[in-house]
Amino acid sequence: MPTEHVVPIEEAACQVAVDPDRRAGVALSPDARAAIENAEADTETVERRCVRCSTEQARNLLEYFDGAAATLQLDGDYERSTSCAQAAERLRRTLEGPVLT
């Protein structure tokens, strides 16, 4: 059975990912897009979605959000750029394994 990851991603970054006009230079796979579209709102904060994705989808999302963060920063859209950068970092940590605190 493939590994399923649950990654909290800010709503602003989710909106960037599903915006058909937003091109981050990296194609978002249909599966990864569906993972974001089907994500449930976090019960503690509606500003975030709990994205359930496979390792492959997480890698695609990581690449996408890295690219989107850079593109948005160049466009001067710092708020959404930061959301995408944070999403990429959460995905990176998820893929590298649990962080022990």
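Nothing fancy with the numbering, it's 1 onward along the sequence.
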Distance check, rounded to the nearest 0.5 Å: [X] atom [atom1] versus [Y] atom [atom2]?
X: Arg49; Y: Ile36; atom1: CZ; atom2: CD1; value: 7.5 Å
X: Thr55; Y: Asn60; atom1: OG1; atom2: CG; value: 12.5 Å
X: Arg33; Y: Asn38; atom1: CZ; atom2: CG; value: 12.0 Å
X: Phe65; Y: Gln86; atom1: CZ; atom2: CD; value: 11.5 Å
X: Asp31; Y: Ser54; atom1: CG; atom2: OG; value: 7.0 Å

Q. Just wondering, more than 12 heavy atoms not from Gln73 lying within 6.0 Å of its CD?
A.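 Counting other residues, nucleotides and ligands, CD of Gln73 stays at 12 neighbours or fewer.
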
Q) Are there more than 12 heavy atoms of other residues, nucleotides or ligands under 6.0 Å from atom CD of Glu56? A)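 Incorrect, the count does not exceed 12.
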
Q | salt bridge (Lys or Arg N to Asp or Glu O under 4.0 Å) assessment of Asp66 paired with Arg92 | A | CA-CA 10 Å; Asp66 265 344; Arg92 191 173 286 110; 2.7 Å; yes

Check whether any side-chain N or O of [X] sits under 3.5 Å from a backbone N or O of [Y] as a donor-acceptor pair, and report yes or no.
X: Ser83; Y: Ala13; value: no
X: Arg52; Y: His5; value: no
X: Ser81; Y: Asp77; value: no
X: Glu11; Y: Arg48; value: no
X: Asp19; Y: Gln15; value: no

Q: With salt bridge (Lys or Arg N to Asp or Glu O under 4.0 Å) as the test, would you mind laying out the steps for Glu63 and Arg59 before giving the verdict?
A: CA-CA 6 Å; Glu63 195 176 345; Arg59 284 190 184 114; over 6 Å; no

Q: Group every Ile, Leu, Val, Met, Phe, Trp and Tyr by side-chain heavy-atom contacts under 4.5 Å, then state whether Val6 and Ile9 land in the same group.
A: no

Q. Do Val7 and Val18 share a hydrophobic cluster (ILVMFWY, side-chain heavy atoms under 4.5 Å, transitive)?
A.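 Same cluster: Val7 reaches Val18 through Ile, Leu, Val, Met, Phe, Trp or Tyr contacts under 4.5 Å.
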
Closest approach of [X] to [Y] (non-hydrogen atoms, all atoms of both residues):
X: Leu95; Y: Ala58; answer: CD2-CB, 3.8 Å
X: Ala88; Y: Leu62; answer: O-CD1, 3.1 Å
X: Val16; Y: Tyr64; answer: O-OH, 3.3 Å
X: Val51; Y: Ala35; answer: CG1-O, 3.8 Å

